[in-house]
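Only one structure is covered here, and it is reproduced in the block below.
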There are 2 protein chains.
Amino acid sequence: MKDYSVIGKRVVSIDKIKKVTGAAKFTADLFLPGMLHGKALRSPYAHARIVNIDTSQAERLPGVRAVITGQEIPRVKFGLTKDIRDQYLLAVDKVRYVGEEVAAVAAIDEDIAEEALRLIKVEYEELPAVFDTESAMKEGAPQLHEHVERNISPQGVIHFGDVDKAFAECDHIYEDRVADAKVSHGQMEPYAALATYDPTSGSLDMWAPNQSPFTRRRALSNVLQMPVVKIRYHNVQMGGAFGGLSDPFPAEFIAALLSIKSKRPVRVAYSREETLIAIRHWPSVVVEMKVGVKRDGTILAIDCKLTLDGGAYMSSSGLAAFQSYMHLEALYRLPNVRYEGIRAYTNKTPSSMHRLQAYQLAILEEMLLERIAEDLGLDSVELRKQHATQPGDILPSGTHITSFALPECIDKAVAVSGYREKKGKLPPGRGIGIACSGSYTGFAMGFRLNSSAQVKFNEDGSCSVFSGCMDNGQGNESMLIQIAAEVLGMPMENIELIAGDTALTPQDPGTYSMTAAFVSGNAVRLAAADAKQQILEIAMSMIGVPANDLEVKEGRVFAKSSPEKGIRIESVVREAWRRGTAVQGRGSYTPPAISEHGWADQTTAIRGQRGITYTDGTTVAEVEVDQETGVVKVLNVWQAYDCGFALNPMAVEGQWQGAAGQMLGRTLFEKHAWDEKGRLITDSFLDFRMPRSSDIPKVSTFIVESIDPRGPFGAKEVGINAGGGVGPAIVNAIHDAAGVWIKEFPITPEKVLAALEEKEGGA
Amino acid sequence: MKDYSVIGKRVVSIDKIKKVTGAAKFTADLFLPGMLHGKALRSPYAHARIVNIDTSQAERLPGVRAVITGQEIPRVKFGLTKDIRDQYLLAVDKVRYVGEEVAAVAAIDEDIAEEALRLIKVEYEELPAVFDTESAMKEGAPQLHEHVERNISPQGVIHFGDVDKAFAECDHIYEDRVADAKVSHGQMEPYAALATYDPTSGSLDMWAPNQSPFTRRRALSNVLQMPVVKIRYHNVQMGGAFGGLSDPFPAEFIAALLSIKSKRPVRVAYSREETLIAIRHWPSVVVEMKVGVKRDGTILAIDCKLTLDGGAYMSSSGLAAFQSYMHLEALYRLPNVRYEGIRAYTNKTPSSMHRLQAYQLAILEEMLLERIAEDLGLDSVELRKQHATQPGDILPSGTHITSFALPECIDKAVAVSGYREKKGKLPPGRGIGIACSGSYTGFAMGFRLNSSAQVKFNEDGSCSVFSGCMDNGQGNESMLIQIAAEVLGMPMENIELIAGDTALTPQDPGTYSMTAAFVSGNAVRLAAADAKQQILEIAMSMIGVPANDLEVKEGRVFAKSSPEKGIRIESVVREAWRRGTAVQGRGSYTPPAISEHGWADQTTAIRGQRGITYTDGTTVAEVEVDQETGVVKVLNVWQAYDCGFALNPMAVEGQWQGAAGQMLGRTLFEKHAWDEKGRLITDSFLDFRMPRSSDIPKVSTFIVESIDPRGPFGAKEVGINAGGGVGPAIVNAIHDAAGVWIKEFPITPEKVLAALEEKEGGA
């Protein structure tokens, strides 16, 4: 371990104080002089043709400044990539889910805006709808989109090795199926978008919670047919994202169009109900998996099929249909894999990417591993270690593994939890379970994966770092400042960060696919190193010490060989100005060898470095199952994960505790429900049951560092993977406690009781 | 002349449309949520000791959120440089002019703030005051500042050659004196400052009209004892500056302190009266000059003394006391020069720098040249040409003249005005006059003269340019975009400028001392050239053409030898990202060889490159003098000036027309007046008479280009120098029309009548 000054220390992320004191201003808290309030009229039907819209009464209502419908919008669809764009900013001709935006108004206050919505007369012709993937994919099912037969969007098969041949060589084949519910990501911040168009300059300023301002700007530029340089996404305070805010929402286009039409700033602020209805969901998934093993437990083949409920529009959930594969191939050595991901359109809220693509897949895989071990009389811990991917491995897709510490994580989790002492030996109704998880770090297509950064210095030796990276709440801002401070040999408080603003900051891929620390962090590291090199060269000529003998610490450049010879950074900065050679750092990072293929055409496997690097780790959970009521209580969670290097251990632990909480909710509580007409019933936080603090057990975290050779100071990712083991560890722990395997999620008391009854009935 | 695509073209500056449509938002138009209104209590006495301040009643007034007095402020004085800091942000112990800020309040509206001011009880002990420089410098005069004896602040002598010896060799010596009035710069925008302090982060955001956000930030950092990196000056729309907004005003410190104390945003918006009373003035000056010549008109020596009325505090007007010398030495070849500049404190509004330091000096010099020519029977036009400074000259101070086109300017102005045909030959009451003017371009001390710039690209090939330069209204923003567009081979509309914001843009000296085009322009040119070089290198590898055969035009890189081989900039930008080598331009420019000495200790001459480069030119004015009323009407002005290269001829002409209007007002109309207690009488635009559009004649402008070797594309300055000839040309024209020399300014009808009477009396 190197002797670092700033990184590796526990740092309170700068957004946290603002959030806990209430000083943080979210998009819905912003207002601009003369601002109007925008509201969207939503479809009451899950599937219907729009026959006519009459806005004349609404337009005459005093206080209404603009009304728009799908008839007057640019006929340009949006979506992640060109080949999968399927949504207009307002419904044109047809609506596809209850809640879809049909028209919008801007008025001088929210009451008038709502009244105006009531005055818009829409004539619909109802169409038959489909609400689940099985029905949607049947021949003759109601079709949501033209040219998308059987509503399959997209479908892809990845096949490495020879799965059929391998299964034929297996001694045992295990096969099962799990399914879960469509849920909301549960961002605490209700969605909002603020737009202001300046007719004099033709420029559009935007504020909206987002995981990538550059992606949003591109989408607006495309849909509104405005030059990129005329659109500015400002940095905003974020109240959570979890993958669900990766793409633009109709609200942003609506706010922009209403502002252009009214020549006034327009804010569209969603209620909690609207947020739950119209902000993209986490897709429900059915996973079917077949695992073939030799007698000694060696896994020869896996065949796996995922079916996702994508809702009415694609958004980025096409990625979700495939990215589970990247988790699957990373964790264990698997010589033969067939993977199929299908995403089907249904007449429900669109689904998007989400925090953990492989959640359901991991549950089934880790459940099957337990059953295999039990069945063959093997130690499931050893079985996992035996198959663990190792640094230097080349995955089936061709990806090189540069760092991986799974056996260490397994050992750590087993040791600290007392797993071996407890497994099968806890009092009745209590059980312990183990599970592993693997994830890729960083993924994107083509040029968009680049992050660039800049550093500029002030006359007192302080500096500003420019990065396009957004902070969704995980502490990215402090993380980038830490990296810059470490490289530059400066205290963190002397560094300001300008982040996530398309006008001010260079290109950044966005804070998803786990790229922030690795990609944006590397860009900041390079920009800071560039500035440092300039500082050393100028200092060298000022104090007459060779650059390779110079070091910077706490803002002072000094000779390593005689530390009393030194000069403050501010003197160097000023001297540079005198010479006309300002200290201006720049850095740019693009991970190597990412495939250039789009996702939608990946019906056949492609080879290449699929993820930049991979993380891994192990969760152990201890639960109590009330055999009378079926209530599952999680008593303890131990998280031992490999994050490469912990830039800020406090933030790492926070992410792992948060991931445990979120996945515990996903596993035990969360579930959206619709009535027979496709209307969301669970449209409040009373009805949509997320975990409360009383549901969260003590989560103990253990950092395992593998020091990735390409990560900034060896860092990889911490936001995603540690959630992956939580669900399956709980499932395995319930089996240890009660002898039942639960395969439908969330694990409600009813399902536990049913499983217990079935077990007793079967026994 | 090279074949340029963007520069040299007539471009409407981007701020103009906003201004003429009323869309422009100035600082007083801004508001922030929860904003309070700040007001300052002003001294009713010109000079008094503060015995006691009781704010208790004001603090109890409902709606008042903060009250501050000089008792609780940081005891740190502000001023341009360390050695001349003499002012607290609120008066401490003593007030020194009527209108000085004594206390301040922040309240929920302006009425309550005003009422609170009335409730503050201040007990003063009046002191004797001085209102003119002559009285102020007498032994035993009331002293404004401790340790500043006879109120002289500062005094400096510059002496080159041997003036006394030269005078002894002269055949003729001419000597006279002119004096003018203290006036306001007359910015159309009333002054305002908006501050918001965030107690969570400890950061302070500021908006205020300013000529240099970096200078302001330094001052706030120093006075409020806050780190530079915690203070942000935002870019603001400016309603004129003319040198008068070079330094911070108490309003900014007051707004900041009130915001810190109230934890709310605070805006201090001055009325027109407050702006005229408390925003720094253009000092009045008495110029005494002695010119020694040989019989043939050869000038052997000049002895010149300036006495400035500096008002109660120094600000930057210490510079004004010396910078006239730089104008003096630049215009004509002068082998022996003695120059003394004295600035005296008086109990009036502080004076600052101003648009044209040498205005009064030029009037006297050009008047004496006319008298010398007349007296010796010489042609005054030829006399000027004979003495004109030439490129390659080294000035007495050691400054190298890199470009200078004075003879061409003289010839042009003479030809287009019909000067030779009209001089002495116009009908009675009409006359024509000629005068020349010279100015330095760019001046500053040490590291602060550096400007740095950056360029970042977007995925569509558009880019953003970052420069700390402010646009006071002269069109700097468009000028910088033009330079970047020309270098990069892109249309202007594909370039956004981020300017004049301390958080976002690199160091810049500020828009004064005529540095914008030369210094900031060069920095942008270098940053754009750096980006272009990167573009060419990547394009080279993409299309297989050597970089030296590549050119960029209208966003396309192509081979000069075969123009069909080409690629769009956006493709290059994306390819750079793919390679992890983003196109990020950076540039930094510091003019060479500026003296490092501070101004206040320049009691002896220093040698070195005093100005970066020099401009020159000639004004001819035609006037009508009503012999009955004494009213002078300017009928025509011809401006032939050397701007190096006209980056935007429309902006150049606008500056020269504006300069003519402003100096016409200064010469004929403007004058502040005080009552016997030192209270400003002329505190409105009714009483303070600036020229109206009906006063402004046709101003014909003629661009003479000398192509400076170091200027960006040869450009120098256009904002200042063309005003310098206007006053003396009018004076000389009045003499041609009416046979009188006016030596007191402004030239009111009374003064003309008095001169006419004196002439007739004397005749």
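Here the structure is a predicted model, which means the values were calculated and not measured. Chain A is the first sequence line, chain B the second, and so forth, proteins listed ahead of strands; every chain is numbered from 1.
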- Query: Under 3.5 Å, is there a donor-acceptor pair between the B/R217 and A/N458 side chains?
  - Reply: yes
- Would you mind checking which part of A/T21 comes under 4.5 Å of any heavy atom in chain B, side chain (CB onward), backbone (N, CA, C, O), both or neither? side chain
- Message: Less than 4.5 Å to any heavy atom of chain A: does that hold for the side chain of B/D29, its backbone, both, or neither?
- Response: neither
- Rounded to the nearest 0.5 angstrom, the OG1-CG distance for A/T505 and B/L504 is 10.5 Å
- Query: Salt bridge or not for A/R586 and B/D530, using N-O below 4.0 Å?
  - Reply: yes
- Message: Using a 4.5 angstrom heavy-atom cutoff, name the option from B/S201, B/S462, B/P227, B/G461 with the most pairs to chain A.
- Response: B/S462
- Task: Would you mind checking which part of B/A453 comes under 4.5 Å of any heavy atom in chain A, side chain (CB onward), backbone (N, CA, C, O), both or neither?
- Result: backbone
- Pairing residues for A/K263 by the side chain to side chain contact (heavy atoms under 4.5 Å, CB included) criterion, not counting sequence neighbours: A/P199
- Task: Could you tell me which portion of B/I498 (side chain, backbone, both or neither) has an atom closer than 4.5 angstrom to a non-hydrogen atom of chain A?
- Result: side chain
- B/K230/A/E496 under salt bridge (charged side-chain N to carboxylate O under 4.0 Å, His left out): CA gap, chis, key distance, verdict: CA-CA 8 Å; B/K230 289 291 180 195; A/E496 279 285 303; 3.7 Å; yes
- B/D198 vs A/K25, salt bridge (charged side-chain N to carboxylate O under 4.0 Å, His left out): CA-CA, chis, key distance, verdict: CA-CA 12 Å; B/D198 177 356; A/K25 299 274 175 245; over 6 Å; no
- Message: Please report the interatomic distance OG1(B/T200) to NZ(A/K19), rounded to the nearest 0.5 Å.
- Response: 13.0 Å
- Query: Which bit of B/S203 comes within less than 4.5 Å of chain A, counting heavy atoms only: side chain, backbone, both or neither?
  - Reply: neither
- Item | Region of A/N522 in contact with chain B, defined by heavy-atom distances below 4.5 Å | neither
- Message: Is there a side chain to side chain contact (heavy atoms under 4.5 Å, CB included) between B/R578 and A/N450? Walk through the geometry before answering.
- Response: CA-CA 7 Å; B/R578 282 190 198 95; A/N450 173 270; over 6 Å; no
- Task: Evaluate whether atom CD of A/E493 has more than 12 neighbouring non-hydrogen atoms of other residues, nucleotides or ligands under 6.0 angstrom away.
- Result: yes
- Query: So which of A/A523, A/S464, A/S221, A/S452 has the largest heavy-atom pair count under 4.5 angstrom toward chain B?
  - Reply: A/S452
- Query: Do you know the tightest heavy-atom contact between A/V229 and B/N494?
  - Reply: CG2-O, 4.1 Å
- Residue selection (most heavy-atom pairs with chain B, distance under 4.5 Å) from A/A503, A/A23, A/A576: A/A503
- Using 30° and 60° as the class limits, which term best fits the ring planes of A/F466 and B/F466: parallel, tilted or perpendicular? perpendicular
- Please round to the nearest 0.5 Å and tell me the distance separating atom CZ of A/F31 and atom CG of B/L32. 8.5 Å
- Task: Considering non-hydrogen atoms only, spot the tightest contact between B/K456 and A/F214 and give its length.
- Result: NZ-CE2, 4.4 Å
- Item | A/T590 side-chain N/O to B/W577 backbone N/O, donor-acceptor pair under 3.5 Å | yes
- Scanning both residues in full, the closest heavy-atom pair of A/S588 with B/Q584 reads CB-OE1, 4.2 Å
